Amino acid sequence: MTAPPLWVRSRTELRRSRRRRAHSCWDHLILAPLWPKHGVNLGTLLRTCDAVGACLAVPRLRWVPEALDRGNTLRKPTCVHWVNDPLTWLDTQRADSDVLGVELADEAVRLADLAPARRRTVVVLGHESDGIPADATALLHRAVEIPMLGTGLSLNVAVAGSLVAYKLAGLV
Ligand SMILES: C[S@@+](CC[C@H](N)C(=O)[O-])C[C@H]1O[C@@H](n2cnc3c(N)ncnc32)[C@H](O)[C@@H]1O
């Protein structure tokens with residue numbers, strides 16, 4: 001017996017099942033690539049934010065607005081928080097949020113053991129070459145690591161951030 005063919009949803013069907021308007025601010029899950037190097041990763045993370053119902057927190061650097069505009073292939077923009085000074089901002093977030101670093105670290109929990117976020121969570125992502133700066137690791141409450149089997153030292157930052165965001169949102 002052959003399985004029935006997949007009904008791949010059309011763009012019109014997909015659109016009907018999505019929100020009509022962008023959410024102004026989710027303020028529950030915040031992806032924070034605070035030391036970005038490549039604009040393309042910000043665009044990818046912005047799309048993940050829209051998909052999982054999260055905000056993006058980015059530093060107020062001159063090139064970032066244009067990178068977000070270029071990377072934003074969504075019909076409606078998602079919520080972006082502008083950060084003046086990453087360390088001061090992170091320190092402020094600690095008061096009412098779980099500040100979770102996504103990093104390859106001895107103390108990190110494995111992604112499989114990460115539970116969906118029950119309280120406001122800030123997900124801190126590192127620089128593409130240097131990771132999360134040492135003075136920022138002191139401001140993390142905890143860290144999560146995505147296990148790897150191959151020869152590569154690390155994942156692309158937007159891939160790592162997206163995997164963690166899906167887990168925290170409880171969508172996988
Ligand atoms: C390309 S990695 C940083 C480079 C890394 N320190 C190295 O030496 O290869 C950029 C960022 O992606 C995230 N990342 C990449 N792979 C990861 C993994 N397997 N587990 C957790 N975070 C990861 C972290 O936030 C990291 O700071």
Side-chain angles (χ1 to χ4, degrees), residues 26-68 70-73 78-94 97-172:
W26 300 88
D27 208 39
H28 179 67
L29 194 54
I30 300 170
L31 298 196
L34 297 174
W35 305 272
K37 182 179 173 189
H38 301 301
V40 66
N41 290 327
L42 297 182
T44 302
L45 287 166
L46 196 65
R47 289 197 65 158
T48 297
C49 283
D50 175 74
V52 304
C55 305
L56 187 72
V58 285
R60 215 180 268 285
L61 300 175
R62 221 159 12 118
W63 60 269
V64 168
E66 198 203 322
L68 288 180
R70 201 173 316 144
N72 186 11
T73 49
T78 195
C79 172
V80 175
H81 297 231
W82 294 96
V83 172
N84 288 323
D85 174 51
L87 292 182
T88 309
W89 184 79
L90 271 185
D91 201 21
T92 315
Q93 301 305 307
R94 285 170 58 82
S97 307
D98 183 18
V99 178
L100 173 70
V102 179
E103 197 51 278
L104 299 128
D106 285 353
E107 300 78 3
V109 298
R110 292 160 64 94
L111 182 65
D113 297 327
L114 186 69
R118 290 223 199 90
R119 57 187 291 228
R120 188 177 188 272
T121 302
V122 175
V123 180
V124 182
L125 298 162
H127 179 272
E128 280 89 332
S129 312
D130 307 328
I132 300 177
D135 42 6
T137 57
L139 298 172
L140 304 174
H141 288 124
R142 57 192 184 124
V144 59
E145 174 171 345
I146 302 151
M148 297 173 63
L149 298 180
T151 59
L153 297 183
S154 60
L155 293 167
N156 166 277
V157 66
V159 170
S162 298
L163 288 169
V164 171
Y166 261 87
K167 201 79 206 291
L168 288 171
L171 295 175
V172 290

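Whatever order the structure lists ligands and atoms in, that order sets their numbers, starting from 1. Just so it is clear, the model here is predicted, and its values are computed rather than measured.
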For Met148, atoms of ligand 1 separated by under 4.0 Å from a heavy atom: 19 (N)
Residues in side-chain contact (heavy atoms from CB on, under 4.5 Å) contact with Gln93, at least two apart in sequence or another chain: Trp89, Ser97, Val99, Arg120, Val122
Atom 2 (S) of ligand 1: the protein heavy-atom neighbour that sits closest, reported with distance to 0.1 Å: Ser154 OG, 3.5 Å
Atom 11 (C) of ligand 1: nearest protein contact (heavy atom, Å): Val157 CG2, 3.7 Å
Ligand 1 contact by Val144, heavy-atom criterion under 4.0 angstrom: yes
N/O donor-acceptor pair under 3.5 Å between Thr137 side chain and Asp135 backbone: no
Proximal atoms of ligand 1 relative to Leu153 (non-hydrogen, under 4.0 Å): 9 (O)
Closest protein heavy atom (residue, atom, distance) for atom 20 (N) of ligand 1: Ile146 N, 2.9 Å
Part of Ser129 with heavy atoms under 4.0 Å of ligand 1, whether side chain, backbone, both or neither: backbone
Point-to-point distance, once rounded to the nearest 0.5 Å, from CG of Asp98 to CZ of Arg118: 11.0 Å
Heavy atoms of other groups near Arg110 CZ, more than 12 under 6.0 Å: no
Donor-acceptor list for residues 163-172 side chains, cut-off 3.5 Å, not counting sequence neighbours:
{"unit_1": "Lys167", "atom_1": "NZ", "unit_2": "Leu111", "atom_2": "O", "d": "3.0"}
{"unit_1": "Lys167", "atom_1": "NZ", "unit_2": "Ala112", "atom_2": "O", "d": "3.1"}
{"unit_1": "Lys167", "atom_1": "NZ", "unit_2": "Leu114", "atom_2": "O", "d": "3.1"}

Nearest-neighbour protein heavy atom for atom 16 (N) of ligand 1, which is reported as residue plus atom name and distance: Leu155 N, 2.9 Å
Where Glu128 and Trp35 come nearest, the two heavy atoms and their spacing: OE1-O, 4.1 Å
Protein heavy-atom partner closest to atom 23 (C) of ligand 1 - residue, atom, separation in Å: Ala160 CB, 3.7 Å
Protein contact of atom 10 (C) of ligand 1 - nearest heavy atom, named by residue and atom, plus distance: His127 O, 3.4 Å
Residue selection (non-hydrogen contact nearest atom 6 (N) of ligand 1) among Gly126, Ala158, Gly131: Gly131
Nearest heavy atoms of Ser154 and Leu104, plus distance in Å: CB-CD1, 3.7 Å
Nearest heavy-atom neighbours spanning Ala57 and Pro33: O-CD, 3.1 Å
Nearest-neighbour protein heavy atom for atom 27 (O) of ligand 1, which is reported as residue plus atom name and distance: Glu103 OE2, 2.7 Å
Identity and separation of the nearest protein heavy atom to atom 25 (O) of ligand 1: Val102 O, 2.5 Å
Proximal ligand 1 atoms for Glu145, defined as those under 4.0 Å from one of its heavy atoms: 20 (N), 21 (C)
N-O pairing of Asp130 and Lys37 below 4.0 Å: no
